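This report concerns only the one structure given below.
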Amino acid sequence: MNAYASCGLVSKAQIIFSQISNKNLVTWTILLSGLTKNGRFLEAVDVFYEMVVLEIRPNEITISSILPAFGKLGRVLLGKSVHCYWIRSNFSDNVFVETGFVDMYSKFGCMKIARNVFDNMSVRNVVSWNAIISGYSENRCGEEALRMFNWMRRKGLFGDIFTVMSLISLDDFTVGSRIHGFIVRSGYENDQLIKTALMGLYINGSFVNDAYRIFEEIKKKDLIAWTLMLRGFSKSGNWRRAIEHFNEMMGEDKIMLDSVSLITMLSGCSCSGALQQGRRVHALLIKSGFQDDIFVGTAVIDMYANCASMRDAKMYFEWMADKDVACWNALISGYGMIGCGNEAIDTFLKMRNSGLSPDESTLVSVLCACSHAGLVQQGLQIFDQMAEVWNLIPSSKHYACVIDLLSRSGQVNDAYSLMKRMHLQPGVEMYSSLLTACKIHRNFELGDEISRELIQLKPNDAGQYVLLSNMYALAGNWDCARMTRISLKLSNLKKIPGLSSIEINGEMFTFMASQTDHPHYLEIKEFLEGLILKIEAAGYEPDTNSVHLDVSDDVKKDILFQHSEKLAIAFGLMRTKPGTVVRITKNLRICSDCHTASKFVSKVYARVLTIKDANRFHVFGDGVCSCKDWW
DNA sequence: TTAGGGTTAG
């Protein structure tokens with residue numbers, strides 16, 4: 001049994017176990033440890049219960065084998081009762097069991113208890129130290145993790161590869177560089193797992209090129225390294241590279257895609273709006289047998305929803321045999337983003353009828369959908385029912401949705417007082433909703449008050465300065481607008497540049513405003529000049545109010561015509577056949593002049609345009625937008 | 001017969 005279990009053939013071990021007529025504690029324990037060693041925690045807990053029922057009293061070996069299952073499954077009560085049993089039974093000190101408890105409580109997030117067990121241990125080895133260090137690390141107590149690491153070193157223990165992994169997973173760059181020397185001295189620098197973990201550290205810190213350098217150093221790149229690098233390209237918005245990387249990865253021998261790599265690629269397609277690549281991945285996952293995977297399925301629904309293809313999203317959803325809350329959430333938020341508020345609410349009701357209980361994200365998606373569709377009454381009603389009907393305490397995300405809902409409908413004062421009344425710390429997104437609404441509804445007095453609070457709350461956010469400066473500009477208060485711009489420059493904060501992307505024949509093209517060095521700049525410029533003339537003839541007037549700079553109207557127009565959205569629209573019209581949908585993704589919110597221009601383009605060129613911005617979808621057709629100008 | 005590590009959606 002042990003031989004089979006040790007090389008991953010637990011089922012064989014189970015067969016032998018069932019054939020043993022005189023089972024004893026040792027045979028039971030081998031089965032148990034075989035299951036936990038192979039990640040079959042649920043079955044391990046079942047076996048443990050069976051032992052309890054049969055009154056087979058576990059010894060220290062049995063207990064140290066089952067504890068990882070409790071930790072991984074979050075079985076807090078069961079874990080605690082076994083801890084009580086251990087104390088009551090007066091077992092002698094055992095480093096395996098005690099370390100197991102430290103690890104288990106760490107996984108429960110109970111660091112105080114974990115530390116207490118650790119402090120009371122009479123013997124500790126490297127594994128015990130690693131358990132407490134990684135516990136602090138996983139529970140985001142970096143300082144404490146480092147303190148324990150230093151204490152361990154003072155005790156004369158060097159630490160091993162697991163110690164290094166815990167410190168890397170602190171995801172703290174300063175720590176990363178501080179322990180680099182330790183990594184080199186320890187000789188683990190060339191370990192593949194360490195390299196992968198370091199890649200993750202770089203990617204999370206947005207140093208994608210550094211991550212790629214490590215990736216290239218890895219001689220035998222495994223699926224995890226490939227997937228992590230894919231996430232790196234995708235997370236940094238380098239979608240062209242992401243798609244190339246994925247294709248390259250599929251060409252590698254001995255690489256078999258798994259659900260994680262598929263989900264990572266689908267998530268990239270979802271963020272970028274790469275529908276054609278998304279469809280390819282959809283076909284690929286069916287070919288590789290992942291059609292019944294509920295995680296992959298949710299990622300497919302999310303991808304189609306984020307590519308404005310709700311028909312495909314719904315089709316996949318209906319086709320899925322097993323659905324959990326996340327699948328429903330993906331569909332609901334899809335309807336919300338595209339402005340189909342009633343469909344979102346309908347789907348929400350259907351989900352409840354199917355017997356599933358909504359979770360926090362469900363309610364965020366539904367409230368957000370109401371906000372996008374301007375369904376004020378329905379949104380407020382759902383918000384009021386949250387606590388009573390679904391036993392969900394509104395989080396700051398829910399408040400943010402409702403504040404947005406009220407603000408946009410013009411009830412800015414109500415929204416402001418709701419924010420002041422709630423028992424949570426107001427977040428930046430709430431202030432942003434209020435400030436944008438103050439701008440739209442020209443409530444400059446409240447806008448001024450809100451902006452003061454906002455700058456105090458988050459003085460280091462460039463976006464807030466821009467918003468504030470834009471509001472001053474709209475109010476004609478150029479002095480304040482200029483001052484705000486100057487303080488932004490002085491503070492050295494960088495605002496995120498607006499980028500618009502479009503996928504043409506599976507290739508991604510990204511544009512930045514006034515980017516004259518773009519390889520397609522000249523042909524786009526020429527096309528765009530003709531486009532502007534055509535839509536002007538149809539009645540388009542450039543909205544120079546969208547340019548928040550104190551310059552002449554001609555310069556303002558020049559700036560407007562170089563917006564990244566317009567460059568992408570022009571490129572899309574140039575490179576796609578008449579009748580096809582032009583799909584664009586923008587990382588920030590669409591500007592109001594580009595919104596107006598898109599409506600005219602859809603009419604003059606008889607094309608459907610979809611623009612996904614940071615907030616929602618705009619579908620332009622025959623001179624109108626699906627958002628009904630509500631955004 | 002016993003404990004610990006790198007990748008993933010909403």
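Just so we're clear, the structure is a prediction, and the values are computed from it rather than from any experiment. Reminder, nothing fancy here: chain letters follow the sequence lines and each chain counts from 1.
Contact check on A:Asp346 versus A:Lys350 returns no salt bridge, with no Lys/Arg side-chain nitrogen under 4.0 Å from an Asp/Glu carboxylate oxygen.
Nearest nucleotide to the A:Phe162 side chain, out of B:dA9, B:dT2, B:dG5: B:dG5. Among B:dG5, B:dA3, B:dT2, the nucleotide with an atom closest to any side-chain atom of A:Leu193 is B:dG5.
Between A:Phe118 and A:Phe101, a ring centre-to-centre spacing not shorter than 6.0 Å is recorded. Note: A:Trp28 and A:Phe17 meet the aromatic proximity criterion, with ring centroids under 6.0 Å apart. Between A:Phe617 and A:His372, the distance from one ring center to the other does not fall under 6.0 angstrom.
Atom NE2 of A:His245 and atom P of B:dT7 are 15 Å apart (whole Å). Rounded to a whole Å, the CD1 atom of A:Ile30 is 5 Å from the C1' atom of B:dT1. Rounding to whole angstrom units, CZ of residue A:Phe48 and P of B:dT2 are separated by 17 Å. Here the P atom of nucleotide B:dG6 and the NZ atom of A:Lys220 are 23 Å apart, to the nearest Å. Rounded to whole Å, atom P of B:dT2 lies 17 Å from atom CH2 of A:Trp28. For A:Ile63 and B:dT2, the CD1 to C1' distance is 11 Å, given to the nearest whole Å. Across the protein-nucleic acid pair, A:Leu167 atom CG and B:dG5 atom P stand 15 Å apart, rounded to whole Å. Atom CE in A:Met249 sits about 10 Å away from atom C1' in B:dT7, given to the nearest Å.
Atom-to-atom distance recorded for A:Leu67:CG and A:Lys107:NZ is 10.5 Å, nearest 0.5 angstrom. For the atom pair CG (A:Asp258) and CG (A:Asp293), the distance works out to 9.5 Å, reported to the nearest 0.5 Å. To the nearest 0.5 angstrom, A:Leu228 atom CG is 10.5 Å from A:Lys235 atom NZ.
No N or O donor and acceptor, one from the side chain of A:Ser65 and one from the base of B:dT2, sit under 3.5 Å apart. One donor-acceptor pair, N or O on each side, does fall under 3.5 Å between the base of B:dA3 and the side chain of A:Asn125.
A cation-pi geometry, defined here as NZ or CZ lying under 6.0 Å from the six-membered ring centre and within 45° of its normal, holds between A:Arg241 and A:Tyr212.
No side-chain N or O of A:Arg115 forms a donor-acceptor pair with one of A:Tyr105 less than 3.5 Å apart.
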Is there a side chain to side chain donor-acceptor pair (under 3.5 Å) between A:Ser65 and A:Ser33? Walk through the geometry before answering. CA-CA 5 Å; A:Ser65 304; A:Ser33 81; 4.7 Å; no

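Near DNA chain B, defined here as any heavy-atom distance below 4.0 Å, there are no residues from residues 106-113 of chain A. Contacts between residues 255-289 of chain A and DNA chain B, defined by a heavy-atom separation under 4.0 Å, are made by A:Val260, A:Ile263, A:Thr264, A:Ser267.
Nucleic acid contact for A:Ile161: base, since at least one base atom lies under 4.0 Å from a heavy atom of the residue. Among the heavy atoms of the strands lying under 4.0 Å from A:Leu228 are primed sugar atoms or P, OP1, OP2 only; no base atom is included. Within the 4.0 angstrom heavy-atom criterion, no nucleotide atom of any strand lies near A:Asn306. A:Asp222 comes within 4.0 angstrom of a base, heavy atoms only.
Phosphate proximity of B:dT2 to A:Lys37: present, with a side-chain N or O under 4.0 Å from OP1 or OP2.
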